[in-house]
Amino acid sequence: MPMKLAKFAFASLTILFLVAPLIAILPLAFTSSVILTYPIPSWSLRWFEELFTADAWRRAIFNSLIIGTGTTLLATVLGTAASLGLRNRLLFFCGSIRTLFLLPMVVPAVVLGVGMQVLLAGFGLTNSYAGVIIAHTVVAVPFVVVSVIGALAGIDERVELAAQSLGASPATVFRRVTLPLAMPGVLSGAVLAFATSLDEVVLTLFVAGPNQRTLARQMFSSIRENISPAIAAAAFLFIVATILIGLAVVLFRSMLAKRR
Amino acid sequence: MAEFIRFDRITKFYGPLCVVENLALGIGKGEFVSLLGPSGSGKTTLLMMLAGFEQPTSGNILLDGTAINDVPTHKRDMGVVFQSYALFPHMSVGENVAFPLQMRRLGKAEIAERVARALDMVQLSAFVDRRPSQLSGGQQQRVALSRALVFEPRVVLMDEPLGALDKQLREQMQLDIRDLHRRLGVTIVFVTHDQSEALTMSDRVAVFNKGKIEQIGTPRQVYDEPATRFVAEFIGETNLVEGVVEAVQGQEATVRLRSGAHIVSAVSGSVASGQPVFLSIRPERVDLSETRGEARNCLETEVTDSVYQGDHLRVQLQNAAQPLIAKLGRRSREFPPGTKVYAAFSAGDCRVIAP
């Protein structure tokens with residue numbers, strides 16, 4: 001019994017440790033004060049109003065959505081194609097190539113950022129949406145690859161062979177069999193890609209110009225300039241959006257699973 | 001029977017490993033041919049090459065007189081049934097069976113009608129809207145079967161389709177498939193490692209060993225007239241006895257055993273006097289009695305053990321240095337261990353096999 005209690009206490013403390021920053025910031029989104037500190041004098045939605053009316057914040061939200069959507073599309077297509085290619089076991093150095101795809105996950109973002117800036121400058125893509133989307137895609141692709149490879153590994157290869165023998169061309173096999181079966185993995189990958197883009201600051205600092213300030217970038221700079229509770233409101237939006245997307249994916253996946 | 005499929009000097013290497021070696025095989029239209037052999041004997045590889053999933057390293061595969069080596073799988077018009085069923089898990093039973101018809105761009109009404117007929121053929125009409133995962137293994141395999149037959153393919157290929165089913169269901173399905181073959185007259189190439197399955201279902205059986213065909217013939221031929229030691233041992237159970245040919249008279253040969261006894265036996269291939277050979281004697285062809293009978297061949301033996309196996313008695317015998325096994329029907333007498341008996345069999349009940 002004391003052991004059980006100790007376990008429970010330990011688990012609670014770990015969870016508290018993980019969510020403490022959230023607990024610290026979220027209430028401040030509803031403060032009426034102009035500075036980001038406790039205690040909260042009274043409750044108000046003025047900072048959400050600020051978020052949606054102030055030009056800088058509105059643009060930031062808009063930019064995040066554009067760049068997030070672009071990154072999601074690009075990373076999902078590239079990552080899915082890469083995973084399909086990596087299925088070919090006869091491919092030389094298959095293991096090494098897979099590791100290469102996952103490298104951006106572990107390479108320090110600062111290093112990637114510097115490299116990216118030099119490279120994009122060469123193509124004249126710094127300070128452009130395309131540049132930021134490309135940079136975000138580099139860090140988002142590994143998440144898609146991991147997720148889609150997992151889904152593809154669960155497909156019995158013979159199901160695809162059977163489809164071929166029944167008269168389906170390789171393109172039709174992909175469209176009617178492989179893709180639908182890998183869809184849960186592709187969707188999870190897409191969500192992770194969007195989340196990665198939404199959250200990315202370091203690369204954005206290196207490659208984005210003033211016109212591509214994303215929400216994360218805007219929060220980062222505004223906390224240095226003026227400690228306005230609008231940051232807390234933005235953080236609140238972030239968390240709510242993330243939870244909603246997560247729920248949607250769980251729901252969709254269970255729907256797919258039920259159809260099986 | 002007109003030849004429909006021809007494997008012309010097919011060789012297949014996986015890296016340095018030769019899995020099929022210079023193989024020739026012809027299959028007639030409407031014929032049911034089993035490729036029988038242990039795992040790794042090349043039978044599945046040959047089927048995969050016929051389906052177009054694998055390419056032969058050298059040699060040609062001809063279908064109706066035309067080489068199909070360069071024809072991709074989806075244009076070969078062959079239905080394939082796998083051991084793992086390989087149904088589309090994201091489609092209903094009806095959608096699974098409709099798939100090959102959709103690929104052939106048939107009209108909706110015709111697709112619906114043919115799907116209904118194909119499912120009716122395997123008694124699964126009631127399951128049209130179910131998912132494959134909601135069906136039992138046997139039902140799933142019947143769906144796979146009707147999916148492979150619904151588009152009236154030129155050939156149906158089956159890769160150990162009954163291997164995942166339990167014994168009773170497997171035997172029922174064997175008869176069902178045989179019945180379907182007779183009704184539809186479709187050409188079937190069937191891969192199995194189960195010899196009784198091959199004997200039950202096939203018009204002809206090709207026995208594979210190490211990438212080569214050891215023997216091809218009707219079930220009766222491969223069982224009663226095994227051409228090689230491998231075939232005799234792989235199909236059913238047999239007693240292999242060493243000896244030397246003393247004389248050959250037409251289709252019969254006299255063989256002297258090491259014990260000095262003489263056996264007169266049928267010959268399938270060609271043997272010469274003085275040649276060391278094996279005799280294959282099927283255990284169920286051996287009769288036991290305490291007195292020397294009329295039979296051409298009679299060996300003096302002693303019963304060492306007798307095992308009751310339900311439908312038959314399995315008697316172990318010792319003749320000089322040579323152990324023998326006899327399977328006796330339930331109506332026959334039982335002999336306690338230690339009894340001296342004569343093991344009798346006719347010349348047609350044993351075979352001379354060149355080693």
Side-chain angles (χ1 to χ4, degrees), chain A residues 76 80 83-85 87-95 147-190 249-260, chain B residues 14-15 44 47-48 50-54 71-92 95-106 129-134 140 143-161:
Chain A
T76 306
T80 305
S83 315
L84 287 167
R87 273 179 108 190
N88 187 351
R89 269 169 279 121
L90 298 174
L91 194 68
F92 206 47
F93 291 139
C94 188
S147 168
V148 177
I149 280 185
L152 288 175
I155 301 178
D156 179 3
E157 193 191 354
R158 303 203 164 229
V159 171
E160 292 166 285
L161 292 182
Q164 270 184 48
S165 75
L166 297 170
S169 65
T172 310
V173 173
F174 177 73
R175 192 169 48 81
R176 295 278 315 262
V177 179
T178 314
L179 193 59
L181 289 176
M183 201 38 104
V186 175
L187 276 179
S188 310
V249 169
V250 168
L251 221 73
F252 191 79
R253 290 188 75 145
S254 74
M255 239 167 67
L256 277 183
K258 247 184 225 151
R259 282 180 50 196
R260 298 266 157 98
Chain B
Y14 284 126
T44 296
L47 196 80
M48 296 296 114
L50 183 55
F53 301 142
E54 301 275 357
V71 179
T73 298
H74 65 278
K75 291 185 181 151
R76 288 198 182 187
D77 201 26
M78 295 181 183
V80 183
V81 181
F82 292 101
Q83 179 176 357
S84 57
Y85 321 133
L87 295 175
F88 305 128
H90 56 301
M91 299 182 197
S92 71
E95 287 165 339
N96 263 280
V97 179
F99 187 86
L101 303 175
Q102 289 165 355
M103 293 301 115
R104 283 159 181 77
R105 306 194 185 287
L106 300 184
D129 292 322
R130 299 266 187 104
R131 296 270 154 191
S133 59
Q134 295 170 305
Q140 288 188 49
V143 175
L145 203 61
S146 74
R147 186 180 68 176
L149 289 167
V150 70
F151 61 104
E152 292 169 10
R154 293 202 278 183
V155 188
V156 176
L157 311 180
M158 303 195 186
D159 183 16
E160 311 232 2

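Since this is a predicted model, take the numbers as computed values, not measurements. Computed over heavy atoms, backbone and side chain alike; hydrogens, waters and symmetry mates excluded. Labels below follow one simple rule: chain letters A, B, ... track the order of the sequence lines, proteins then strands, and each chain is numbered from 1.
For the options A/Ile155, A/Leu166, A/Thr172, heavy-atom pairs under 4.5 Å to chain B are most numerous at A/Leu166.
Contacts between B/Gln102 and chain A at a heavy-atom distance below 4.5 Å involve the side chain alone, from C-beta outward. Only the backbone of B/Leu87 comes within contact range of chain A, with heavy atoms under 4.5 Å apart. In this structure, the portion of B/Arg104 lying under 4.5 Å from any heavy atom of chain A is its side chain and not its backbone. With a threshold of 4.5 angstrom between heavy atoms, B/Asp159 approaches chain A through side-chain atoms but not through N, CA, C or O.
Qualifying ring-ring contact (aromatic ring centres under 6.0 Å, His included) partners for B/Phe151, counting only residues two or more places apart in sequence or in other chains: none.
For the atom pair OH (B/Tyr85) and CG (A/Asp156), the distance works out to 12.0 Å, reported to the nearest 0.5 Å. With rounding to the nearest 0.5 angstrom, the NZ atom of B/Lys75 is 8.5 Å from the OG atom of A/Ser169. Between atom OG of residue A/Ser165 and atom CE of residue B/Met78 there is a gap of 10.0 Å, rounded to the nearest 0.5 Å.
Of all non-hydrogen atoms in A/Leu181 and B/Pro89, the two that sit nearest each other are CD2-CG, 3.4 Å. Pairing each heavy atom of B/His74 with each of A/Pro170, the nearest pair is CE1-CD, 3.7 Å. Of all heavy-atom pairs between B/Ser84 and A/Arg158, the closest is OG-CD, 3.8 Å. Heavy atoms only, all atoms of each residue included: B/Ala86 and A/Ala162 are closest at O-CB, 3.9 Å. Closest approach of A/Leu161 to B/Phe82, counting heavy atoms only: CB-CZ, 3.8 Å. Closest approach of A/Ala163 to B/Phe99, counting heavy atoms only: O-CE2, 3.9 Å.
Each salt bridge (charged side-chain N to carboxylate O under 4.0 Å, His left out) pair with one or both residues in residues 163-177 of chain A, not counting sequence neighbours, would appear here, but there are none.
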